[in-house]
Amino acid sequence: MRLARGQVVLSRTLTGSRAVVRKHPVLRLLSSTVVRAKEQQTSSNSDVSSPPPPLHNGSRWRSFLQILGRTTLVSVLGSAGVFYYITQKERHPGQQLPHDPEKKTIVILGSGWGATSLLKTLDTTDYNVVVISPKNYFLFTPLLPSVAVGTLSPKSILQPTRYLTRHKKRAVTVIEAEAKEVDPINKTVTFEDDSEIKGAVSHTTIPYDYCVYAVGAEVQTFGIPGVQEKACFMKELTDAESMQRRFKDCIETAAFPGQNPSEIDRLLHIVVVGGGPTGVEVSEIHDFLEDDLKSWYPELAGRVRISLVEALPSVLPMFSKQLIDYTESTFKESKIDVLTKTMVKEVKDGSVILQMPDKSITEVPCGMVVWAGGNKGRKITQDLMANFPEVQNNKRGLTVDDHLRMAGADGIFAIGDCTSTSYAPTAQVASQQGAYLARVFAQLAKKGNLEKRLISLSQTISTASGEEKAQIANDIESAKSQISKVKIRPFHYSHQGSLAYIGSDKAIADLPFANGNIASGGVATYLFWRSAYLSTLFSLRNRVLVANDWIITKIFGR
């Protein structure tokens with residue numbers, strides 16, 4: 001307290017007169033102390049008010065890394081949460097509406113591209129839907145050659161049909177059976193259980209209001225001897241598994257001790273018949289040779305030969321000339337023989353008989369023949385066509401109009417490979433046809449509801465009073481106006497481009513752009529080919545499985 005008072009007195013003395021300070025040594029000492037204290041206080045105040053020094057580059061980099069780490073963590077956790085939510089929603093669908101006897105019944109025959117696309121898009125609240133197919137799954141056929149050479153697992157390209165139907169608003173009946181007869185007069189379908197295990201009832205008939213005929217087609221062998229019995233096909237999952245097993249047998253048999261060189265060359269010669277996308281993509285066998293067989297069978301890998309046989313002047317006739325030349329040059333680099341203008345005359349146990357471009361006949365020894373030829377109608381399709389010989393006389397398949405209605409039959413729509421249209425029998429065409437039919441059925445349901453309402457209004461107008469009668473008359477005119485606006489447009493195919501894998505991590509693409517096409521080929525197109533097929537798969541489950549198989553194959557091999 002005394003020191004504080006002394007300081008106050010000293011302060012007053014300093015402001016009043018400086019002469020007193022100079023004459024007293026003690027006051028001079030205290031004065032200097034106070035001055036230093038004031039300077040320190042001033043400097044401290046100036047330090048508080050001055051801006052902080054700029055951060056060093058290390059501090060800025062540390063802050064950036066912290067923000068990046070937090071953002072990455074939030075993104076990963078958010079993506080994992082969304083992924084988990086979608087997978088659980090797919091595994092645990094909700095309740096479905098029951099069968100409604102007042103609704104019309106749609107019977108879908110088949111579970112291929114057309115039928116699956118229809119199921120995915122169809123609003124089942126308007127109909128009772130029944131699916132009849134000998135397979136209870138959808139097969140993603142463009143990736144079937146990858147299953148044959150071990151790149152993909154079979155389950156990765158399968159989508160259970162009940163998975164699609166279980167997520168519809170109204171319950172859909174799925175029956176694993178083969179349709180044996182379609183009666184267009186009585187509007188019934190007869191089918192039977194063709195599995196190994198049969199119950200007390202394995203054959204029955206059900207009625208339909210609309211029938212979607214999407215049974216697909218069989219492999220066209222053109223009646224060539226030996227093809228049906230000795231060649232491997234590439235159409236069903238069992239075909240891919242059979243080809244994989246036979247190819248392994250050829251390798252192991254060639255490695256058997258004491259095998260003479262000519263027999264080894266025969267066993268390791270693979271002949272692929274058909275220069276379309278399926279036949280060309282079977283050339284993925286070459287990737288198997290280069291990436292895996294050289295390590296496991298070094299003494300045999302260099303002796304494996306692949307020959308591609310095509311009756312037309314070139315392979316992949318649906319692609320541009322530039323891409324055809326690129327494919328053939330890629331095959332030449334991969335040592336794949338391309339035999340165009342060459343026809344198969346017979347398939348034997350250890351050889352194939354070929355008619356060369358100069359019409360000469362040559363017997364070519366081989367260990368395996370892979371047949372990727374055309375399509376032909378199934379027996380049930382031929383029987384259905386026989387009911388209308390005047391209008392159903394095209395050998396390629398069912399004749400349909402612009403709305404995909406079967407000519408001559410009432411209530412039957414036909415889509416996919418079983419039809420004879422101006423479009424190529426591809427998965428892309430069938431998929432668009434299925435989506436189109438879903439829109440057609442939506443329009444038919446809307447028109448049917450309006451017609452029911454019109455009938456109901458017409459029945460009540462006779463018993464209504466004057467004022468109510470006027471209102472009902474207005475409702476009748478409104479219903480008629482809405483019915484007249486329901487018009488079903490014809491089917492129009494929109495080509496989204498063509499893709500094909502040609503081996504050696506290369507693919508080709510012919511894509512429409514503006515009024516022309518974009519043709520590309522190479523490794524970048526191969527990456528686009530993979531991304532396009534991933535996006536085309538029907539479910540997240542298939543996308544994850546296929547991507548996982550590709551990664552595992554890249555790391556560990558086939």
Enquirer: Answer yes or no: is there a donor N or O on one side and an acceptor on the other, between the side chain of Tyr127 and the main chain of Ala445, under 3.5 Å?
Expert: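 Present.
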Enquirer: Quick check against the 3.5 Å criterion: does Tyr436 have a side-chain atom that pairs as donor or acceptor with the backbone of Leu404?
Expert: no
Enquirer: Say whether, by atom type as modelled, one donor and one acceptor occur between the side chain of Gln496 and the main chain of Ser494 under 3.5 angstrom.
Expert: yes
Enquirer: Between the side chain of Thr116 and the main-chain N/O of Gly112, is any donor-acceptor distance below 3.5 Å?
Expert: yes
Enquirer: Taking Thr536 for its side chain and Ala532 for its backbone only, find out whether a donor-acceptor pair lies under 3.5 Å.
Expert: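 Yes.
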Enquirer: Please find the pair of heavy atoms, one from Val429 and one from Ala424, that lie closest to each other, and give the distance.
Expert: CG2-O, 3.4 Å
Enquirer: For the pair Lys235 and Asp239, find out whether any cationic side-chain nitrogen is under 4.0 Å from an anionic carboxylate oxygen.
Expert: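 So Lys235 does not pair with Asp239 through a salt bridge.
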Enquirer: Would you call the rings of Phe138 and Phe538 parallel, tilted or perpendicular if under 30° counts as parallel and over 60° as perpendicular?
Expert: perpendicular
Enquirer: Would you name the heavy atoms of Gly275 and Pro317 that are closest together and state the gap between them?
Expert: O-CD, 4.4 Å
Enquirer: Could you tell me whether Asp292 and Arg558 make a salt bridge, using a distance below 4.0 angstrom between a side-chain N and a carboxylate O?
Expert: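 Yes, charged N to carboxylate O under 4.0 Å.
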Enquirer: Ile224 versus Trp371: any side-chain heavy-atom pair under 4.5 Å?
Expert: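 Yes, side chains in contact.
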Enquirer: Heavy-atom distance under 4.5 Å between the side chains of Tyr213 and Thr381, does that happen here?
Expert: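 Yes, their side chains come closer than 4.5 Å.
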Enquirer: Closest approach of Lys155 and Asn542, non-hydrogen atoms and distance?
Expert: O-ND2, 4.2 Å
Enquirer: Please find the pair of heavy atoms, one from Ala479 and one from Leu454, that lie closest to each other, and give the distance.
Expert: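 Closest approach of Ala479 to Leu454, heavy atoms only: CB-CD1, 4.2 Å.
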Enquirer: Counting N and O atoms only, with roles assigned by atom type, does the side chain of Thr173 sit under 3.5 Å from a partner on the main chain of Val130, one being a donor and the other an acceptor?
Expert: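 Side chain of Thr173 to backbone of Val130, a donor-acceptor pair under 3.5 Å: no, none is there.
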Enquirer: Between Lys379 and Glu218, is there a side-chain heavy-atom distance shorter than 4.5 Å?
Expert: no
Enquirer: Quick check for you: to the nearest 0.5 Å, what is the distance between Ile157 atom CD1 and Leu139 atom CG?
Expert: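 Between Ile157 CD1 and Leu139 CG, I get 5.0 Å after rounding to 0.5 Å.
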Enquirer: Would you please test Val182 and Ile412 for side-chain contact (heavy atoms from CB on, under 4.5 Å) and show each step?
Expert: CA-CA 10 Å; Val182 177; Ile412 298 181; 4.1 Å; yes
Enquirer: Please round to the nearest 0.5 Å and tell me the distance separating atom CD1 of Ile353 and atom CD1 of Ile361.
Expert: 8.0 Å
Enquirer: Decide if the gap between the ring center of Tyr210 and the ring center of Phe441 is smaller than 6.0 angstrom.
Expert: yes
Enquirer: Quick one: do Arg305 and Asp337 make a salt bridge, cutoff under 4.0 Å?
Expert: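 A salt bridge is present here (some side-chain N lies under 4.0 Å from a carboxylate O).
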Enquirer: In terms of side-chain geometry, is the basic nitrogen of Lys135 or Glu236 positioned less than 4.0 Å from the acidic oxygen of its partner?
Expert: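 So Lys135 pairs with Glu236 through a salt bridge.
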Enquirer: Please determine whether side-chain contact (heavy atoms from CB on, under 4.5 Å) holds for the pair Val149 and Phe247, giving the CA-CA distance in whole Å, both sets of side-chain angles, and the decisive distance to 0.1 Å.
Expert: CA-CA 9 Å; Val149 298; Phe247 178 64; over 6 Å; no
Enquirer: Rounded at 0.5 Å granularity, tell me how far CD in Glu281 sits from CG in Leu499.
Expert: 9.0 Å
Enquirer: Under the salt bridge (Lys or Arg N to Asp or Glu O under 4.0 Å) rule, what do Asp410 and Lys187 come out as? Steps first, then yes or no, please.
Expert: CA-CA 9 Å; Asp410 179 32; Lys187 289 190 174 183; 3.4 Å; yes
Enquirer: Tell me whether His269 contacts the main-chain N or O of Pro365 through its side chain, where contact means a donor paired with an acceptor under 3.5 Å.
Expert: yes
Enquirer: Between Phe140 and Trp113, how do the two ring planes meet: parallel, tilted or perpendicular, split at 30° and 60°?
Expert: tilted
Enquirer: What is the distance from atom CD1 of Ile270 to atom SG of Cys250, rounded to the nearest 0.5 Å?
Expert: 7.0 Å
Enquirer: Under a 3.5 Å distance rule, please check whether Arg162 uses its side chain to pair with a backbone N or O of Val174 as donor and acceptor.
Expert: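 Yes, Arg162 side chain to Val174 backbone: donor-acceptor pair under 3.5 Å.
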Enquirer: Would you say the rings of Phe491 and Tyr423 are close, in the sense that their centroids are separated by under 6.0 Å?
Expert: yes
Enquirer: Within a 6.0 Å radius of atom NZ on Lys447, are there more than 12 heavy atoms belonging to other residues, nucleotides or ligands?
Expert: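 Incorrect, the count does not exceed 12.
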Enquirer: Step by step, would you call Met406 with Phe388 a side-chain contact (heavy atoms from CB on, under 4.5 Å)?
Expert: CA-CA 10 Å; Met406 176 182 169; Phe388 310 96; 3.7 Å; yes
Enquirer: Are the aromatic ring centres of Tyr533 and Trp550 under 6.0 angstrom apart?
Expert: no
Enquirer: Can you measure from OG1 (Thr124) to CG (Asp100) and round to the nearest 0.5 angstrom?
Expert: 11.5 Å
Enquirer: Is a donor on one side and an acceptor on the other found under 3.5 Å between the side chain of Glu192 and the backbone of Thr204?
Expert: no
Enquirer: Please check if the side chain of Gln244 supplies one atom and the backbone of Val147 the other of a donor-acceptor pair under 3.5 Å.
Expert: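 Such a contact is found between Gln244 side chain and Val147 backbone.
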Enquirer: Would you call His286 and Ile336 a side-chain contact if the rule is heavy atoms closer than 4.5 Å?
Expert: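 When only atoms from C-beta onward are counted, Ile336 and His286 do touch, with a gap below 4.5 Å.
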Enquirer: Hey, does Val370 have a side-chain heavy atom less than 4.5 Å from the side chain of Val271?
Expert: no
Enquirer: Measure across Ala435 and Ser117 and return the closest heavy-atom pair with its distance rounded to 0.1 Å.
Expert: N-OG, 3.3 Å
Enquirer: Are more than 12 heavy atoms from other residues, nucleotides or ligands located less than 6.0 Å from atom CD of Glu229?
Expert: yes
Enquirer: Distance check, rounded to the nearest 0.5 Å: Ser420 atom OG versus Asn394 atom CG?
Expert: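 Going from OG on Ser420 over to CG on Asn394, the span is 3.5 Å.
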Enquirer: Between Lys180 and Glu178, is there a salt bridge with N-O shorter than 4.0 Å?
Expert: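 Looking at Lys180 together with Glu178, the answer is yes, because their closest N to O distance falls below 4.0 Å.
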Enquirer: Of all the heavy-atom pairs spanning Gln482 and Leu450, show the shortest one and how long it is.
Expert: OE1-CD2, 3.3 Å
